[in-house]
J.: 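Next up is a structure, given as structure tokens.
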Amino acid sequence: MSNTIRRSEALRQMETKEKSVGQAAYFGIQFYKRNGELVSIGRARITGLRANMKEQRLRGIQAVDHTGNPLGHIYPVSIDNIRTFNNLQVTI
């Protein structure tokens, strides 16, 4: 089994709001912030941003607890700075 996932597939899975059984879809992610700091979130969901996400190549990521309640703030993440998605290395 491969330990990598293509970025397009990771983004497609991120955009999935619900699983087929009606439960919310969560994922684990690691990414670099603009200052180079590595951020790891074990359970997160995708959220909206006040920016043109397609044009600026951004996604809004927010950590959630085990019941799905939001924790902390929303991180604006550049899709080029995603390191891992669900413990799989992201490749272009």
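Throughout, residue positions are numbered sequentially from 1 according to the sequence presented. Treat the numbers as computed from the prediction; the structure is a model and nothing was measured.
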J.: In Å, rounded to the nearest 0.5 Å, how long is the span from CZ of F27 to CD1 of I61?
T.: 4.0 Å

J.: Are the side chain of N86 and the backbone N or O of G28 linked by a donor-acceptor pair below 3.5 Å?
T.: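 Yes, the answer is positive, given that a donor and an acceptor are paired below the 3.5 Å cut-off.
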
J.: Could you tell me the separation between the OG atom of S78 and the CZ atom of F31, rounded to the nearest 0.5 Å?
T.: 11.0 Å

J.: If I take atom CD1 from residue I5 and atom CG from residue N87, how far apart are they, to the nearest 0.5 angstrom?
T.: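 So the gap between those two atoms works out to 11.0 Å.
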
J.: What distance do I29 atom CD1 and T84 atom OG1 have between them, rounded to the nearest 0.5 Å?
T.: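 Result: 7.0 Å between the selected atoms.
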
J.: From M14 CE over to F85 CZ, what is the distance, rounded to the nearest 0.5 angstrom?
T.: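 If we round to the nearest 0.5 Å, M14:CE and F85:CZ are 5.0 Å apart.
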
J.: Just by modelled atom types, is the I92 backbone N or O under 3.5 Å from a matching donor or acceptor in the R6 side chain?
T.: yes

J.: Can you check salt bridge (Lys or Arg N to Asp or Glu O under 4.0 Å) on E9 and R12, steps first, answer last?
T.: CA-CA 5 Å; E9 180 59 28; R12 191 173 304 117; 2.5 Å; yes

J.: In residues 34-46, what donor-acceptor pairs under 3.5 Å come from side-chain atoms, sequence neighbours left out?
T.:
{"residue": "N35", "atom": "OD1", "partner": "E37", "partner atom": "N", "Å": "3.0"}
{"residue": "E37", "atom": "OE1", "partner": "K33", "partner atom": "NZ", "Å": "3.3"}
{"residue": "S40", "atom": "OG", "partner": "Q30", "partner atom": "NE2", "Å": "2.9"}
{"residue": "R43", "atom": "NE", "partner": "D65", "partner atom": "O", "Å": "3.2"}

J.: If you measure from NE2 on H73 to CD on Q62, what distance do you get to the nearest 0.5 Å?
T.: 9.0 Å

J.: So which atom in V90 and which in I82 form the shortest heavy-atom distance, rounded to 0.1 Å?
T.: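 What the structure gives for the nearest pair is CG2-CG2, 3.8 Å.
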
